[in-house]
Number of protein chains: 2
Amino acid sequence: MRFHSPAIQYFHAVRRTGSIRAAARLLNVASSAVSRQILKLEQEVGSPLFERTARGLTLTTVGEMLARHVMNVLQDLDRFRSDVASLSGAWHGAISIACIESLTESVLPDLIAAHRSRARRVSFTTMVMGSSDVLEALRRGEADIGIAIALRHPPDLRQVALKRFRLGALVAREHPLARRKTVTLEQCLAFPVIQALPELSIYHLLQPLIAQLSETPEPAIQADSIDLMRELAARGVGVAFQTQLGIIRLSRVAQLVFLPLDNAGSPVWSDLGIYVRAERTLPAFTDSFLQELVRELGERERRENAAYPHIA
Amino acid sequence: MRFHSPAIQYFHAVRRTGSIRAAARLLNVASSAVSRQILKLEQEVGSPLFERTARGLTLTTVGEMLARHVMNVLQDLDRFRSDVASLSGAWHGAISIACIESLTESVLPDLIAAHRSRARRVSFTTMVMGSSDVLEALRRGEADIGIAIALRHPPDLRQVALKRFRLGALVAREHPLARRKTVTLEQCLAFPVIQALPELSIYHLLQPLIAQLSETPEPAIQADSIDLMRELAARGVGVAFQTQLGIIRLSRVAQLVFLPLDNAGSPVWSDLGIYVRAERTLPAFTDSFLQELVRELGERERRENAAYPHIA
DNA sequence: ATAGCCGTTGCCGAAACGGCAGCAACATGT
DNA sequence: ACATGTTGCTGCCGTTTCGGCAACGGCTAT
């Protein structure tokens, strides 16, 4: 099925690789063919699409506009293909998910496993990264579905759902704070804390609260891995701060206790957003999984927030 | 700018004209060229796209899927073109509007005139039709913006806004009812009425109410034109029923009085929806007009509903 | 300076495209 | 029943476009 002129596909490959020769290798054609198609495109648009630097090509403003159009075309072509395929009973495809680390512990593996058991012909690709990178991966078309801390999202992304989870402290069973129901930030800072580095969005959630305090804490440990922080907390090294997501299940297995943060009588929320490219219609099998994701995350939001009493 | 393979454009022309030779005439090419491209497409998709009848071609299920994709591609290409053009300062384009007759009296001419005075390079095409035809014109890509009585809209259309206006009776100044503030349906039926034919959506709004009455009225006149009904009412022929839209201005000029309908103590609403193809990003100049349309209609909703007291 | 990678450009064979004329199938009008 | 017009389809052939090969100039890093 090669409906569209080679120029479209070549342009897309060049944009992704940032190089004509690399794109040619990717496409299994001669680099001259790619070069000519790009030149022809630029002539038809009437404006250069790339800036030729010494090392590779960079999109111009017009080039980015065309990139948007080309991505819309190719993604919609994918959808059309899957629509036709599903008509003859073949329900298969590939779903690519970009998400932050908090999801990898329980939400995503549970969901993917459940979905795979029903639809075995749907394959998954998951990419773990920071929140802003998640949005960027979506814009570049490298992921179909993105899950990230809800930042102010650009207009070319659509926020499918917004779920809020408690931010809390994670301590070992033997920790002096472990018997409390909730904790304030001040109470935590009396003990050694495992602080998140700015690469993690938890840092940006807690920083404004910490800034309000009179004294700045001396962090015992700074880390950039949710998983590592969790393991450190389990070993009693200090107090870690995390989203409540999936902690309940973990608390039973590991020696961990989750304590919702109490910020002047109200909880501290960590908003999780589910994102999708706005200018795109998802294939049926992708949309199906997306619905399950939204449902599951909503279910966890309800359940996990009910598990702890309101602070106020 | 002919990025896309001729097959796409030829297919689009054939779909619109329903004939290969007609499409060929439209495209200024030989019919054999068109026929071959369609055959090639069908071979690549692996399934026939059209059903060949004695007189022309009709889309198959797969054909309709491809038609959707092709429309997405071509409409997005338009958007890209206008984006590039606006980059070099040229803010121009064409907007096609499908709407029901109620809008032609004041809303649409006012808005178009105002918009043209600001952006002279934007041209308009308006098509007046029934509500369900408005939605159909949007789906077929024959209109950019649709305004219709808010029916249950198909998922491939997006309801940008929903505004409600009073349904009421329209009578001449000398009519016995003219001095009332509101009227019930029964009160109207004591006089000759100008009834809407099923082609008009007013029919479908009033029919369930009329059906509840004990006696069925004998219509003096049945018509399928809003304008004609209005003119008849002005001449004292009978009572017409219309949406309140734009009547206020008209009442001053013509010899007309608008009386909101009172249905067991509550108003009778006529919901007006503004629609757009869901799988489409509008060009900037189209979106700009759309925003003005939504704003203006919201303004009228507020103003005209405030002009008459609540019945309840 | 040398080597390596970059994008571009002639040259040429191959593939795709479009126009012309003619075909059979069907609908319409006399 | 017959003639006529229209439909989509198909060989044939000239034109256009595309892609592969090799070479060129520009640039960077060693």
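Quick note on labels: first sequence line is chain A, next is B, and so on, each numbered from 1. Computed from a predicted model, the values in this text were never measured in an experiment.
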I want to check one thing: is the phosphate of [N], taken as OP1 and OP2, less than 4.0 Å away from some side-chain N or O of [X]?
| X | N | answer |
| --- | --- | --- |
| B:Arg36 | C:dG19 | no |
| B:Lys40 | C:dC17 | yes |
| B:Tyr10 | C:dC17 | no |
| B:Gln37 | C:dG18 | yes |
| B:Ser19 | D:dG8 | yes |

What is the separation between atom [atom1] on [X] and atom [atom2] on [N], rounded to the nearest whole Å?
| X | N | atom1 | atom2 | value |
| --- | --- | --- | --- | --- |
| A:Leu27 | D:dG19 | CG | P | 10 Å |
| B:Leu39 | C:dC17 | CG | C1' | 15 Å |
| A:Arg52 | C:dT9 | CZ | C1' | 14 Å |
| A:Glu42 | C:dT8 | CD | C1' | 12 Å |
| A:Phe50 | C:dC6 | CZ | P | 15 Å |
| B:Arg55 | D:dC9 | CZ | P | 16 Å |
| A:Ile38 | C:dT8 | CD1 | C1' | 13 Å |
| A:Ile8 | D:dT17 | CD1 | P | 17 Å |

ask   = Does A:Thr53 or A:Arg2 map to a spot on DNA chain C nearer the 5' end, using the closest nucleotide for each?
value = A:Thr53

Donor-acceptor pair under 3.5 Å, A:Ser32 side chain vs D:dC21 base =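 Answer is yes: a donor-acceptor pair is held.
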
message = Under the criterion salt bridge (charged side-chain N to carboxylate O under 4.0 Å, His left out), I'd like the reasoning laid out for B:Arg68 against A:Asp83: C-alpha separation, chi angles, the key distance, then a yes or no.
response = CA-CA 11 Å; B:Arg68 188 154 75 108; A:Asp83 279 3; 3.0 Å; yes

In the structure I gave you, are the side-chain heavy atoms of [X] and [Y] within less than 4.5 Å of one another anywhere?
| X | Y | result |
| --- | --- | --- |
| A:Asn72 | A:Arg277 | yes |
| A:Ser96 | A:Met127 | yes |
| A:Gln37 | A:Val34 | no |

request  = Identify, between A:Pro6 and A:Arg21, the residue whose nearest nucleotide on DNA chain D lies closer to the 5' end.
outcome  = A:Pro6

task = Run the ring-centre check on A:Phe3 versus B:Phe11 and record whether the distance is less than 6.0 Å.
result =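 Ring centres of B:Phe11 and A:Phe3 not closer than 6.0 Å.
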
